[in-house]
Q: 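Please read through the structure below; I'll follow up with questions.
Given the structure is predicted, the values throughout are model-derived calculations rather than measurements. To find a chain, count down the sequence lines: A is the first, B the second, and so on, and within it residues start at 1.
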Amino acid sequence: MPELPEVETVRRGLERRVLGRTISAVQVLSPWVIRSDPRSFAREIGGCRVEGLRRKGKTLALELESGNSAPCRYLIVRLGMTGQLTLTPSESPLLPHTHVRLLLDDDGEELRYRDPRRFGMLRCSTPAEAEKIFRSLGPDALEISQKEFEQALRGRRGAIKGWLLDQSMLAGLGNIYADEALFEARIHPQTPAGKIPDNARILLHKAIRKVLQRAVNLQGTSFRDYIDIEGRPGNFEPRLRVYGREDKPCPRCSTPIRRVLVCGRSSHFCPRCQPRPRRIAPPGKPRKKRE
DNA sequence: GCAAGCCTGACC
DNA sequence: GGTCAGGCTTGC
């Protein structure tokens, strides 16, 4: 499932292979995927050159320049759960669930958007709309500072697992890397986010960076469908320590990994390395001394 | 029937 | 505002 490392891998692939090229023709096979009228979508991005590639969290934006006086546009890409953006020879047969084709230049190659589960989307937006989308996201999980992280967690009463998945708080983590980071930091997924002790919070901030950076270096995880723009799967899956390993031994202590639902999401953790937090008395109410 | 990410809406 | 449940979709 595309989370920050997978989206970053796609971004790098596009930067290497698509930056500077021109979208010469647009074919929308499934109008719902672009959330707008296919004809105006094709008109707006057709003929544009790819001038830049931005990413924040799991959201990708292709910066497009038309070359004439028209204002620049952004093609916003959210891969959702099973979205794939691939660079494909135009004569390759269309795989099922291919929704959009963007021909590049006239050298017989195209970008194809494919998405069996249809949770993803492509959207053409103005720079202002793109800014709004980026602003609605919390800080990127690879860029947030220790201090920002602490401030963002302060006072949050919900479970840390849900907080890590909330893209308006922190952008980039999905279920896989949230579970991996919590394991790395030895924090139980149900721990109230605002009640994580200072030392554990610092560990968690470090764990997020460490897990994501390693996954980026290995081109992400291909748990089910994820592939990069050249169709290659990621290499991080063998490094997963808890995700998808229910009942298998914990890599640290051999206790069987458990899976529970937290905030409606399956959460994998080691009951021994990540003990359930004790109930802590609510702070700020010291018992009055009786005279 | 379940899982995923994300949007919407209900509830306090 | 924060928090959480429900719904979307489809391959396993």
Q: Got a sec, which residues hit side-chain hydrogen bond (donor to acceptor under 3.5 Å, both in side chains) with A:Gln27, two or more places apart in sequence or on another chain?
A: A:Arg101
Q: Using a 4.0 Å cut-off on heavy atoms, which residues in residues 140-173 of chain A reach DNA chain B? List them by number, or say none.
A: A:Gln167
Q: Run the ring-ring contact (aromatic ring centres under 6.0 Å, His included) test against A:Tyr243 and tell me which residues pass, sequence neighbours left out.
A: A:Phe223, A:His268
Q: Any side-chain donor-acceptor pair under 3.5 Å between A:Glu110 and A:Ser90?
A: yes
Q: Name all residues meeting the side chain to side chain contact (heavy atoms under 4.5 Å, CB included) criterion together with A:Glu246; count only those two or more places apart in sequence or in a different chain, and write none if there are none.
A: A:Arg259
Q: Assess the residue pair A:Glu237 and A:Tyr226 against the criterion (side-chain hydrogen bond (donor to acceptor under 3.5 Å, both in side chains)); give the C-alpha distance rounded to whole Å, side-chain angles, the decisive distance to 0.1 Å, and a yes or no.
A: CA-CA 11 Å; A:Glu237 196 190 331; A:Tyr226 166 74; over 6 Å; no
Q: Using a heavy-atom cut-off of 4.0 Å to chain A, what are the terminal contacting nucleotides of DNA chain C, in 5' to 3' order?
A: C:dG2 to C:dG11
Q: Honestly curious: do A:Ile76 and A:Leu64 fall in one hydrophobic cluster under the side-chain, below-4.5 Å linking rule?
A: no
Q: Starting from the C-alpha separation in whole Å, work towards a yes-or-no answer on salt bridge (Lys or Arg N to Asp or Glu O under 4.0 Å) for A:Arg201 and A:Asp198.
A: CA-CA 5 Å; A:Arg201 198 181 52 233; A:Asp198 292 357; 3.3 Å; yes
Q: Heavy atoms under 4.0 Å, any strand shown: does A:Arg78 hit a base, just sugar-phosphate, or nothing?
A: sugar-phosphate
Q: Quick check on contacts: within residues 117-126 of chain A, what sits under 4.0 Å from DNA chain B by heavy-atom distance?
A: A:Arg117, A:Phe119
Q: Under a 4.0 Å N-O cut-off, is there an ion pair linking A:Arg241 with A:Glu184?
A: yes
Q: I'd like to know if A:Glu131 and A:Arg54 make a salt bridge, using a cut-off of under 4.0 Å between side-chain N and carboxylate O.
A: yes
Q: Identify whether the distance between the nearest side-chain nitrogen and carboxylate oxygen of A:Arg123 and A:Glu129 falls below 4.0 Å.
A: no
Q: What's the separation between atom CG in A:Asp115 and atom CD in A:Gln84, rounded to the nearest 0.5 Å?
A: 8.0 Å
Q: Give one of base, sugar-phosphate or nothing for A:Arg259, where a contact means two heavy atoms less than 4.0 Å apart.
A: sugar-phosphate
Q: What range of DNA chain B does chain A touch, first nucleotide to last, counting atoms under 4.0 Å from its heavy atoms?
A: B:dA3 to B:dC7
Q: Cation-pi between A:Arg252 and A:Phe183: NZ/CZ under 6.0 Å from ring centre and within 45° of the ring axis?
A: yes
Q: Run the side chain to side chain contact (heavy atoms under 4.5 Å, CB included) test on A:Arg186 and A:Leu203 for me, step by step, so that the C-alpha distance in whole Å, both residues' side-chain angles and the decisive distance to 0.1 Å come before the verdict.
A: CA-CA 9 Å; A:Arg186 300 177 187 249; A:Leu203 274 178; 6.0 Å; no
Q: Tell me the bend of the helix from B:dG1-C:dC12 to B:dC12-C:dG1 as the angle between end helix axes, each from five pairs, rounded to the nearest 10 degrees.
A: 40°
Q: According to side chain to side chain contact (heavy atoms under 4.5 Å, CB included), who are the partners of A:Leu95, at least two apart in sequence or on a separate chain?
A: A:Thr98, A:Arg114
Q: Please collect all ring-ring contact (aromatic ring centres under 6.0 Å, His included) contacts where either partner lies in residues 152-171 of chain A, sequence neighbours excluded, each pair once.
A: A:Phe149-A:Trp163
Q: Look at A:Arg12 together with A:Asp228 and state whether they make a salt bridge at an N to O cut-off of under 4.0 Å.
A: no
Q: Please list all pairs passing the ring-ring contact (aromatic ring centres under 6.0 Å, His included) test where one or both residues lie in residues 84-134 of chain A, with sequence neighbours left out.
A: A:Trp32-A:His99
Q: Mind running side chain to side chain contact (heavy atoms under 4.5 Å, CB included) on A:Leu62 and A:Ile23 for me, showing each step along the way?
A: CA-CA 11 Å; A:Leu62 283 72; A:Ile23 299 170; 5.6 Å; no
Q: Taking any heavy-atom pair under 4.0 Å as a contact, classify A:Thr82: base, sugar-phosphate, or nothing.
A: nothing
Q: Regarding A:Tyr177, tell me which of base, sugar-phosphate or nothing describes its non-hydrogen contacts under 4.0 Å with the strands shown.
A: nothing
Q: In residues 2-14 of chain A, which residues come under 4.0 Å of DNA chain B by heavy atom?
A: A:Glu3
